**Student:** 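Please see the structure below; I have some questions.
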Protein chains: 2
Amino acid sequence: MPLPNAAPSPFRSREERERDREEKREAVLRAAVRMFNARGFHATSLDDVAASLGISKPTIYHYLGNKEQVLIECVTRGLELLSAAADTARAQPGDGLARLRSVLRSYALVMMDDFGRCVVRTGDEFLSPEGAALFRARKRAIDLSIRALIEDGIADGSIAPVDVRMTAFTLAGALNWPGRWHAPDGPLTPSEIADAMVDILIGGLAPRT
Amino acid sequence: MPLPNAAPSPFRSREERERDREEKREAVLRAAVRMFNARGFHATSLDDVAASLGISKPTIYHYLGNKEQVLIECVTRGLELLSAAADTARAQPGDGLARLRSVLRSYALVMMDDFGRCVVRTGDEFLSPEGAALFRARKRAIDLSIRALIEDGIADGSIAPVDVRMTAFTLAGALNWPGRWHAPDGPLTPSEIADAMVDILIGGLAPRT
DNA sequence: TCTCCTATATACTCGTCGGTATATTGATTA
DNA sequence: TAATCAATATACCGACGAGTATATAGGAGA
């Protein structure tokens, strides 16, 4: 049993050092994603990112190989949030429509997160062919998740017999949009925005007779 | 009365020369907008644009003062298409919902045009502060047009009493999306895509009882 | 203690690209 | 015909920014 050690030792164990390293990597990514979102990828230099953290550019290269890698990690984090949203909500109880509603809500919330925004603000054209292919594959998986849910809903009668493919595009398009306009200091909370959008998409505009 | 002149003269009149000039400007803009859409603004050099037309960079500077000006003209063309879509459809007969439907359809179609796409692919961050302000003002005007139409529809009972602001955002978001993914050589025509999206947005997903 | 690895910095290279200075040609006009 | 203007090119400048070569300092392990 390890002795309790009140005064923290300045000597770090292997795990502590690895955790430190991971923390620094994360800090770089957070700083980078914010600047990418605010000014655009090409308009953000790694010198800027480094300066915002009070470090120098080679330090960034030490933790993340090159500029594209930084972007890819940011986008990947966002895509993982999106996948997680789709997967957990899909596993919930309820009919297709209820589960879809839950996924859409989570999706919208992710789009108001720094990493989520980054997904929608990053065009394929910023990535190398390999990076872009990976990016597309992961987005496609999310799209398929949503389509599956729509199909479930149509099968159980909770969703009208719509065109699944176009519906998934339309829903995703609408929910991606906050990633471009939402400002975190606006009057509405992300949760309110998500609810309002989902209601409109689920219910449509024409009055129920 | 001017004599009919069978053989076209190599000497151009003032109007002809002005028309020539205008045509060349347009050609530059069309070439530029395509490359901006395909590769992104920052990744497209004016040397590339010039080369694609078989001319040299200073010729572009002769017709359009600088690179931002090229982008602004492209975006402005797209915004004008959007405004025109909103204004003409608004003037049509029918209740609020019918007119909104018509505007949404036209809006979606513009988003599958080169200049329309450019609007949605161009972030504020690419423009100078003045350019961005102009851009935002024109987008706001279009948003207000759509909101007015939704309000009309609510007033005449053809649209359910939704949150006008959020609804306008949601609709615009969904319809902007084709500007990012639609490929002109896809299996569906722009017209089919526009119809499908509008139906989904107007009707919602839950089955009508 | 000597060596090696990690973290970090300074100072550099080099390619790209927006923008310009300047020359040329040919048509328009006085 | 001389002067001017429009249209275009070649060749250049200067800035910026990705990425690297190299040095240093200090902890880790033998």
Side-chain angles (χ1 to χ4, degrees), chain A residues 8-29 31-32 35-36 38-74 122 125-128 131, chain B residues 8-29 31-33 35-36 38-74 122 125-128 130-131:
Chain A
S9 157
F11 299 92
R12 322 235 149 239
S13 72
R14 162 171 293 255
E15 305 89 55
E16 279 173 325
R17 269 186 286 122
E18 272 174 13
R19 199 165 39 76
D20 271 18
R21 190 183 166 87
E22 204 45 47
E23 225 171 79
K24 291 180 185 172
R25 246 177 94 97
E26 285 289 327
V28 171
L29 291 177
M35 294 185 86
F36 290 163
R39 311 191 200 168
F41 177 67
H42 286 297
T44 303
S45 76
L46 290 188
D47 277 315
D48 292 340
V49 176
S52 84
L53 289 164
I55 63 177
S56 71
K57 184 169 53 172
T59 300
I60 295 183
Y61 279 84
H62 182 68
Y63 288 101
L64 295 146
N66 58 34
K67 197 184 179 188
E68 190 189 358
Q69 200 56 40
V70 177
L71 180 61
I72 286 181
E73 294 256 358
C74 291
T122 300
E125 65 270 11
F126 294 163
L127 270 37
S128 65
Chain B
S9 157
F11 299 93
R12 322 234 151 241
S13 72
R14 162 172 293 254
E15 302 90 58
E16 277 172 327
R17 269 184 285 124
E18 271 174 14
R19 196 164 42 74
D20 271 18
R21 189 182 167 90
E22 203 46 46
E23 226 170 79
K24 290 179 186 170
R25 245 177 96 99
E26 285 290 327
V28 171
L29 292 177
V33 79
M35 294 184 86
F36 290 164
R39 311 191 199 165
F41 177 68
H42 286 299
T44 303
S45 76
L46 289 188
D47 276 315
D48 292 339
V49 176
S52 84
L53 289 164
I55 62 177
S56 72
K57 183 169 54 169
T59 299
I60 295 183
Y61 279 83
H62 182 67
Y63 289 100
L64 297 146
N66 60 32
K67 197 184 180 190
E68 190 191 356
Q69 199 57 41
V70 177
L71 180 61
I72 286 181
E73 293 254 359
C74 291
T122 301
E125 65 270 13
F126 295 163
L127 269 36
S128 63
E130 309 84 58

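Worth saying up front: this structure is predicted, and the values here are computed from it rather than measured. Lettering of chains follows the sequences in order, A, B, ..., and the numbering in each one begins at 1.
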**Student:** Would you give the length of the straight line joining atom CG of A:L71 to atom CG of A:L29, rounded to the nearest 0.5 angstrom?
**Tutor:** 10.5 Å

**Student:** Rounded to whole Å, please give me the gap between CG in A:L53 and P in C:dA9.
**Tutor:** 11 Å

**Student:** Respond yes when some side-chain nitrogen or oxygen of A:K24 is under 4.0 Å from OP1 or OP2 of C:dT8, and no when none is.
**Tutor:** yes

**Student:** Take atom CE of A:M35 and atom P of D:dG17, then tell me their distance rounded to the nearest Å.
**Tutor:** 11 Å

**Student:** Round to the nearest Å and state the distance from B:R25 atom CZ to D:dA7 atom C1'.
**Tutor:** 15 Å

**Student:** Could you tell me the separation between the OG atom of B:S128 and the CD atom of B:Q69, rounded to the nearest 0.5 Å?
**Tutor:** 9.0 Å

**Student:** Nearest to the side chain of A:P58 - D:dT20, D:dG19, D:dA11?
**Tutor:** D:dT20

**Student:** Quick one: on DNA chain D, does A:D48 or A:G65 contact a more 5' nucleotide (nearest heavy atom)?
**Tutor:** A:D48

**Student:** Which part of the nucleic acid, if any, lies within reach of B:T59 when heavy atoms closer than 4.0 Å are counted: base, sugar-phosphate only, or nothing?
**Tutor:** sugar-phosphate

**Student:** Nearest-Å distance, NE2 (B:H42) to P (D:dA18)?
**Tutor:** 12 Å

**Student:** Which value, rounded to the nearest 0.5 Å, describes the distance between B:R25 atom CZ and B:E22 atom CD?
**Tutor:** 5.5 Å

**Student:** Send over the distance from A:I60 CD1 to C:dT10 P, rounded to a whole Å.
**Tutor:** 14 Å

**Student:** Does the side chain of A:S45 get closer than 4.0 angstrom to OP1 or OP2 of D:dC16 through an N or O atom?
**Tutor:** no

**Student:** Within less than 4.0 Å of OP1 or OP2 of D:dA7, is there a side-chain N or O belonging to B:H62?
**Tutor:** yes

**Student:** How long is the span from the NZ atom in A:K57 to the NZ atom in A:K67, to the nearest 0.5 Å?
**Tutor:** 10.0 Å

**Student:** Could you state the CG-P distance from A:L71 to D:dA18, rounded to the nearest angstrom?
**Tutor:** 12 Å

**Student:** Given atom CG of B:D47 and atom P of C:dG15, what is their separation to the nearest angstrom?
**Tutor:** 17 Å

**Student:** Under 4.0 Å, heavy atoms only, any strand: does B:Y63 hit a base, just the sugar-phosphate, or nothing?
**Tutor:** sugar-phosphate

**Student:** At under 4.0 Å, does any side-chain N or O of B:R21 touch on OP1 or OP2 of D:dA7?
**Tutor:** yes

**Student:** Between atom CD in A:E22 and atom C1' in C:dT6, what is the gap in whole Å?
**Tutor:** 16 Å

**Student:** Counting distance alone, no hydrogens or angles: does the base of C:dG19 have a donor or acceptor under 3.5 Å from a partner atom on the side chain of B:K57?
**Tutor:** yes

**Student:** If you measure from CD1 on B:I72 to CG on B:N66, what distance do you get to the nearest 0.5 Å?
**Tutor:** 8.0 Å

